[in-house]
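Here the structure comes first, spelled out in structure tokens, and everything after it is commentary.
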Amino acid sequence: MTARPVVYGASDRPPRGDYGRAQDDYTCAQNFAAYTEADHDTYHRLYQRQSTLLPGLASEAFIAALPLLGAKERIPRFDDVNERLYRATRWQLVAVPGLIPEVPFFTLLANRKFPVTDWIRTPAEFDYIVEPDVFHDLFGHVPLLFNPVFADYVQRYGEGGLKAARLGACEMLSRLYWYTIEFGLIREAGGLRAYGAGILSSSGELPYAVHSPAPRRLPLALERAMRTRYKIDSYQQTYFLIDSFEQLFQLTDQDFAPLYAQLRGLPEFAPGD
Ligand code: HBI
Ligand code: FE
């Protein structure tokens, strides 16, 4: 069976990426030869702009880990990053053609493999792209996988996802991923900082998430986050706050099955509630 593309979330956009080259587990070889000089230039310009925005807005743990990625000027070979990443936390990057279905996604995370989309946005999409591309994944997600506590949380999330799939609770667990790994905020230095990849890789949403008075900011509580719907193509209207990555990890210590049963019958919250 060749891997079929997925249409992700509410977007009715055709999936991007060539899924014909993916294996059954949805991974593929990184198509390094396909990168043009324009692609490397797009990556370099995105990296430069985003890294100048970080001070005072990004979590210190992220700022400290970013140099470990070791790729500022050009899109790196994932195997080169894996040299360093595997030594640090036993995680490795695997290339995927784009978004993949939830169970293959959870399976990779549960095995400390992070799926990294291997294509990059066009220059016309420099300021915004709906789907995660290689810059979102490498710059947004990979640095914190060098952080031991966060790295363990992501694997625990993957294991939880496989259990959620068996319980038909993927949507509730996906919201936890969305409001932490993608769009989470952490209390730090008397203020707020971003640790979610979707914020860290966005030039507009990074200052907005930390400083704008518009969005709601709530302390992370599973029963609230798991019932709060999200949109994938606009700034978040609700952000959830944590005090530490240890707090995130401890959340995964409990068995979510009773929580899913309790929440299933309760009404959901719209993104802006
Ligand atoms: N696929 N490649 C990729 N990257 C993601 O971050 C991703 C995905 N599929 C599903 C998904 N994220 C989320 O819905 C998870 O909560 C399951
Ligand atoms: Fe992401």
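Start at 1 and go down the list; that is how both ligands and their atoms are numbered.
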Distance-only N or O hit between ligand 1 and [X], under 3.5 Å:
X	result
I100	yes
H141	no
S174	yes

Has D137 got an N, O or S atom lying less than 2.8 Å from the Fe ion (ligand 2)?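 No, D137 does not qualify, because none of its backbone or side-chain N, O or S atoms lies under 2.8 Å.
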For this output row, return yes or no: ring centroids of Y35 and Y43 closer than 6.0 angstrom. no
Quick one: are the ring centres of Y177 and Y157 less than 6.0 Å apart?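 Between Y177 and Y157, the centre distance is under 6.0 Å.
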Any cation-pi pair here, R224 with F240, using under 6.0 Å and within 45°?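 Negative - R224 is either too far from the ring of F240 or too far off its axis.
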Tell me, which pairs form a salt bridge (charged side-chain N to carboxylate O under 4.0 Å, His left out) where one or both residues lie in residues 175-184, sequence neighbours left out?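 As it turns out, the salt bridge (charged side-chain N to carboxylate O under 4.0 Å, His left out) pairs with a partner in residues 175-184, which skip direct neighbours, are E171-R175, R175-E268.
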What atoms of ligand 1 come closer than 4.0 angstrom to any heavy atom of G98? 2 (N)
Those atoms of ligand 1 less than 4.0 Å from some heavy atom in Y157: 16 (O)
How would you list all residue pairs meeting ring-ring contact (aromatic ring centres under 6.0 Å, His included) that involve residues 74-100, not counting sequence neighbours?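 Every candidate ring-ring contact (aromatic ring centres under 6.0 Å, His included) pair involving residues 74-100 fails, so no pair, neighbours aside, qualifies.
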Side chains of Q247 and S244: do they bring a donor and an acceptor to under 3.5 Å? no
Nearest option to atom 7 (C) of ligand 1, as decided by whichever heavy atom of Y26, F105, F106, W178 sits closest: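 Minimum heavy-atom distance to atom 7 (C) of ligand 1 goes to F105.
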Nearest N/O/S atom of E182 with respect to the Fe ion (ligand 2), by atom name, please.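 Result for E182 and the Fe ion (ligand 2): OE2.
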